[in-house]
Engineer: 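Okay, here's the structure, questions in a sec.
This structure is a prediction, so every number in the text was calculated from the model and none was measured.
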Amino acid sequence: MKPIKSDWTDVVLVCRKCAKKLDGGFGPHGDQPLPKALRAEIARREGGKPMKKPRRKGVHVAVIEVDCLDICPKGAAMLVPAGHPGRWRAVPRGADLGALLDEIASERGDD
């Protein structure tokens with residue numbers, strides 16, 4: 001196997017099915033799906049522009065959509081920070097994504 005370098009310090013997995021069922025509800029105007037809103041928040045913090053798909057370089061937290069996680073909360077989307085796979089989160093519609101990213105970073109040990 002060939003190792004591939006990455007600038008990522010964390011990966012956040014988002015349930016694609018939950019995000020699609022909510023049909024938005026996140027972001028400044030409440031009209032974005034969770035993955036898109038998370039990427040935009042990360043880009044805002046890092047001074048870049050949001051990427052549709054994660055790339056190897058240029059972003060420190062990658063947001064990756066995964067197939068159904070088999071936990072389907074009402075009015076929320078499931079999220080798993082890969083650094084803490086035992087700490088799944090049901091992110092309700094309209095949640096403060098900045099606070100969520102701060103919480104994930106503090107668990108990782110970054111401040």
Side-chain angles (χ1 to χ4, degrees):
M1 284 189 264
K2 179 182 174 184
I4 299 173
K5 285 177 53 173
S6 154
D7 290 340
W8 299 343
T9 56
D10 204 358
V11 175
V12 177
L13 308 175
V14 178
C15 178
R16 180 180 295 122
K17 187 175 177 182
C18 289
K20 187 175 180 180
K21 276 185 180 181
L22 287 180
D23 194 31
F26 298 95
H29 304 290
D31 59 348
Q32 295 178 325
L34 180 58
K36 185 174 182 177
L38 271 173
R39 289 183 189 112
E41 179 64 23
I42 291 165
R44 185 189 65 76
R45 290 169 166 234
E46 295 185 4
K49 67 178 197 172
M51 295 186 294
K52 281 190 171 184
K53 294 188 177 182
R55 297 184 189 137
R56 283 184 273 155
K57 298 204 180 235
V59 67
H60 295 286
V61 180
V63 178
I64 300 177
E65 292 180 73
V66 296
D67 289 332
C68 185
L69 296 170
D70 290 333
I71 297 176
C72 302
K74 289 187 184 250
M78 290 305 300
L79 176 141
V80 181
H84 282 275
R87 298 273 315 211
W88 293 31
R89 290 175 176 78
V91 182
R93 181 180 273 135
D96 181 359
L97 300 181
L100 176 67
L101 290 172
D102 288 341
E103 185 180 322
I104 291 169
S106 69
E107 288 178 356
R108 202 175 52 231
D110 298 354
D111 286 335

Engineer: Got a second to check how far Glu103's CD is from His84's NE2, nearest 0.5 Å?
Structural biologist: 10.5 Å

Engineer: Between Leu97 and Ile42, is the side-chain contact (heavy atoms from CB on, under 4.5 Å) condition met? List the steps.
Structural biologist: CA-CA 9 Å; Leu97 300 181; Ile42 291 165; over 6 Å; no

Engineer: Determine whether Val91 and Leu38 make a side-chain contact, defined as any pair of heavy atoms from C-beta on separated by less than 4.5 Å.
Structural biologist: no

Engineer: What is the minimum heavy-atom distance between Asp10 and Pro81, and which atoms define it?
Structural biologist: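 Heavy-atom minimum between the residues: OD2-CB, 4.5 Å.
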
Engineer: Quick one: closest heavy-atom pair of Met1 and Pro3, and the distance?
Structural biologist: O-CD, 3.7 Å

Engineer: Which pair of heavy atoms, one from Glu41 and one from Leu101, lies closest together, and at what distance?
Structural biologist: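 Shortest heavy-atom separation between Glu41 and Leu101 comes out as CG-CD1, 3.5 Å.
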
Engineer: Taking all non-hydrogen atoms of both residues into account, name the closest pair between Phe26 and Leu34 and its distance.
Structural biologist: CD1-N, 3.5 Å

Engineer: Which pair of heavy atoms, one from Ala90 and one from Pro73, lies closest together, and at what distance?
Structural biologist: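 That would be CB-CG, 4.0 Å.
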
Engineer: Any side-chain heavy-atom pair from Pro33 and Lys20 closer than 4.5 angstrom?
Structural biologist: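 The answer is no, as the side chains (C-beta and beyond) never meet within the 4.5 Å cut-off.
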
Engineer: Going through the checks in order, is the side-chain contact (heavy atoms from CB on, under 4.5 Å) test met by Asp67 and Arg16?
Structural biologist: CA-CA 6 Å; Asp67 289 332; Arg16 180 180 295 122; 2.9 Å; yes

Engineer: Calculate, to the nearest 0.5 Å, the distance between atoms NZ and NZ belonging to Lys74 and Lys21 respectively.
Structural biologist: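 Nearest 0.5 Å value for the NZ-NZ distance: 9.0 Å.
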
Engineer: Given the rule in the side-chain contact (heavy atoms from CB on, under 4.5 Å) test, do Leu100 and Leu79 qualify, once you have shown the distances and angles that lead to the verdict?
Structural biologist: CA-CA 10 Å; Leu100 176 67; Leu79 176 141; 4.0 Å; yes

Engineer: Roughly how far, to the nearest 0.5 Å, is the NZ atom of Lys17 from the CD1 atom of Ile71?
Structural biologist: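 Here the rounded value is 12.5 Å.
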
Engineer: Can you give me the closest heavy-atom contact between Ala19 and Pro35, atom names plus distance?
Structural biologist: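 Closest pair (atom of Ala19, atom of Pro35, distance): CB-CD, 3.7 Å.
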
